[in-house]
S.K.: 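Before I ask anything, here is the structure I am working with.
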Amino acid sequence: MFSLLLLLFLSLSFSPLAWVACNARGRVVNVTRPGLVSDGDDLLDTFMNGTLSPSLGNLSFLRVLDLGNLKNLNGPIPSEFGKLRHLTLLFLDSNQLTGSIPLTFKSLSSLEKLYLSNNRISGIIPLSVSGSLRKLTELGLSGNQLSGSIPATIGKLVLLTKLDLHANNISGSLPTSIGNLKSLKYLDLSENQITGSIPKSIGGLSALVLLYLNHNQITGSIPPSFSGLITLQFCRISENSFNGKLPASMGNLVTLSEIYLSNNRLTGKIPSSFGNLRNLQTLDLSRNELSGELPIQLIKLQNLQTLDLSFNPLGIVSIPKWFAKLKLFRLALAKTGIKGSLPRWLSSTSISTLDLSSNALTGKLQPWIGNMSSLSFLNLSNNGLHSSIPAEFKNLRRLMDLDLHSNKFSGNLDTVFSKETDDPIGHFNSIDLSDNMFTGPINESVLQSPAMDSVTSLVLSYNQLKGSIPKSLGKLSQLQILKLVNNGLSGKIPVELGDAAELTTILFSRNKLIGSIPGKVINLNELKEFNVSYNRLSGEIPLHKAIIPASAFSGNPGLCGTPLPPCKHL
């Protein structure tokens with residue numbers, strides 16, 4: 001027996017981690033080589049190189065073949081595997097396998113679960129294979145390079161509970177036969193190139209719990225037969241070209257907990273029947289063409305955590321006061337027609353993510369903003385807000401992403417940079433205060449506050465800042481993007497900035513900077529974009545590795561050297 005197994009695993013570099021089981025007659029029924037192995041409290045990630053041996057097809061009594069998650073298995077799947085008539089489970093997922101799905105797989109009449117996901121398998125899904133595996137309950141082919149359409153014969157696999165074809169190059173329309181899969185609970189066809197409309201027959205999937213059709217090119221309206229999906233909990237059909245109105249019948253799907261319909265062309269009003277979706281936790285209708293008054297029936301959605309209606313011509317004008325009775329974690333109403341001042345009832349909510357950008361908000365940022373102690377993300381950009389940042393802003397101890405660009409805010413930046421933290425959260429990740437009226441110097445000391453120690457993006461362009469560029473910016477070890485364009489900054493570019501080793505973008509154009517460009521700064525290893533145009537810099541541009549156009553140095557008459565004309569040495 002050992003010599004046989006050695007032969008079978010010759011091209012797999014047989015490892016003691018492999019597990020082989022035999023029946024009472026000494027016939028091999030299980031060959032498993034796990035990609036993850038338990039070692040006490042830890043999981044060891046294991047690898048295996050080589051190709052699949054055709055000799056495995058001689059194990060005529062084999063019921064389980066699990067060589068999934070070995071990462072480095074390559075080459076084609078041997079056609080000899082079609083001889084494994086007793087095979088019930090075949091796991092070859094998460095490897096580097098190539099070639100097509102063998103046509104011989106149509107003979108695997110006992111197969112119940114087939115996973116070939118996350119490989120490099122190409123070609124079509126063979127008609128004969130998809131229609132022959134009548135005992136199949138789970139089929140996972142995601143993360144490959146499969147093309148062609150979904151064969152109509154898929155409807156013959158009536159025992160299927162899971163069908164996962166996402167992240168391939170599958171095209172064509174959904175076959176009407178998909179409605180025959182009455183046992184199907186999990187259907188993921190996302191991230192493909194599927195066209196056409198959803199067939200009415202989809203309403204026959206009465207056991208379906210998860211439906212992902214997002215990131216395709218599906219057109220037409222959402223069929224009223226959707227109401228037949230009576231056990232549906234997770235629905236993602238965003239990033240398509242759906243049009244027409246939202247069917248009121250969707251309000252009958254009381255088991256729904258997530259609906260993602262963003263980035264389509266849906267029109268009309270949000271149906272009042274959506275108020276019946278009492279289990280709903282996420283409702284994302286953003287980036288459509290919805291209009292009309294928001295139905296007050298949504299107040300019944302007391303489990304709702306995320307509501308995103310952004311980029312719809314809703315003409316909300318003012319956010320309805322009944323929103324205060326929802327228990328939202330994330331509220332996004334960007335470009336929905338909101339006008340006037342920020343509603344004070346926001347101060348009594350537990351909202352963590354608030355996006356009211358690209359509206360017509362006016363007035364001041366009031367001190368009560370400091371009461372929104374759960375805020376981690378705040379975007380009020382592209383509005384008409386004006387005032388300094390109130391001192392109470394420091395109380396936003398959990399705030400990590402702040403975008404106030406394109407308003408009329410004024411005053412200095414100290415209150416923002418020195419805000420308090422609620423360790424381990426509340427340390428800034430990104431700050432965008434560009435296109436405002438902030439003044440004064442950038443304080444060296446506040447940049448060293450705990451809130452700033454992990455910031456990756458700092459954008460302060462198009463303000464009225466004065467003084468020099470702080471040397472302490474070089475101590476921001478995670479900083480990647482730094483934009484200080486079109487201010488009144490003077491003095492030299494600090495050589496200490498070269499200590500911020502993660503910087504990819506440095507934009508200092510249209511200021512009053514003098515002196516030379518430090519070689520340590522322009523030679524940062526990660527630097528991709530650099531622009532110091534229209535300052536008062538002088539001297540030879542240091543030799544640098546990044547590809548920087550001449551325009552990035554223009555407007556500095558004293559600069560010379562590549563990519564500008566060479567320096568004239570006297």
S.K.: What pairs with E239 under side-chain contact (heavy atoms from CB on, under 4.5 Å), at least two apart in sequence or on another chain?
M.R.: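 N214, H215, S262, N263.
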
S.K.: Are the side chains of M400 and F428 in contact, using a 4.5 Å heavy-atom criterion?
M.R.: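 In short, these two side chains do not touch, never coming nearer than 4.5 Å.
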
S.K.: Which residues satisfy the side-chain contact (heavy atoms from CB on, under 4.5 Å) test with T415, sequence neighbours excluded?
M.R.: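 T415: side-chain contact (heavy atoms from CB on, under 4.5 Å) contacts with I389, F393, K394.
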
S.K.: With a 3.5 Å cut-off and no angle check, do the side chains of N192 and N216 form a donor-acceptor pair?
M.R.: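 Per modelled atom types, N192 and N216 side chains form no pair under 3.5 Å.
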
S.K.: State, with a plain yes or no, whether a side-chain heavy atom of L174 is found less than 4.5 Å away from one of I194.
M.R.: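 Sidechains of I194 and L174: in contact.
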
S.K.: With sequence neighbours excluded, give me every salt bridge (Lys or Arg N to Asp or Glu O under 4.0 Å) pair touching residues 272-293.
M.R.: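 The answer is none; no pair qualifies.
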
S.K.: Taking atom NZ of K162 as the centre, does the number of heavy atoms from other residues, nucleotides or ligands within less than 6.0 Å exceed 12?
M.R.: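 Enclosed.
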
S.K.: Just checking, any donor-acceptor pair under 3.5 angstrom between side chains of S352 and S376?
M.R.: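 Side chains of S352 and S376: pair found under 3.5 Å.
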
S.K.: Does N252 have any side-chain hydrogen bond (donor to acceptor under 3.5 Å, both in side chains) partners at least two apart in sequence or in another chain, and if so, which?
M.R.: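 Partners of N252 by the side-chain hydrogen bond (donor to acceptor under 3.5 Å, both in side chains) criterion come out as none, since no residue qualifies.
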
S.K.: Is there a donor-acceptor contact under 3.5 Å linking the side chains of D164 and H166?
M.R.: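 On atom types as modelled, these side chains qualify, holding a pair under 3.5 Å.
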
S.K.: Return yes if a side-chain donor-acceptor contact under 3.5 Å exists between H544 and N523, otherwise no.
M.R.: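 No, no side-chain donor-acceptor pair sits under 3.5 Å.
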
S.K.: Using the test side-chain hydrogen bond (donor to acceptor under 3.5 Å, both in side chains), find all partners of N382 that sit at least two apart in sequence or belong to another chain.
M.R.: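 Only H405 meet the side-chain hydrogen bond (donor to acceptor under 3.5 Å, both in side chains) criterion with N382.
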
S.K.: Classify the ring geometry between F553 and F530 as parallel (under 30°), tilted (30 to 60°) or perpendicular (over 60°).
M.R.: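 Tilted.
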
S.K.: Identify all side-chain donor-acceptor contacts of residues 480-502 below 3.5 Å with residues at least two apart in sequence or on another chain.
M.R.:
from : atom 1 : to   : atom 2 : distance (Å)
N487 : OD1    : N463 : N      : 3.2
N487 : OD1    : Q464 : N      : 3.4
N487 : OD1    : L465 : N      : 3.2
N487 : ND2    : L460 : O      : 3.2
N487 : ND2    : L484 : O      : 3.3
N487 : ND2    : V485 : O      : 3.3
D499 : OD1    : K520 : NZ     : 2.5

S.K.: Any luck finding a side-chain donor-acceptor pair between N395 and K419 under 3.5 Å?
M.R.: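 On atom types as modelled, these side chains do not qualify, holding no pair under 3.5 Å.
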
S.K.: Within the 3.5 Å criterion, strictly below it, is a donor on N312 or T336 matched to an acceptor on the partner's side chain?
M.R.: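 No - no donor-acceptor pair under 3.5 Å links their side chains.
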
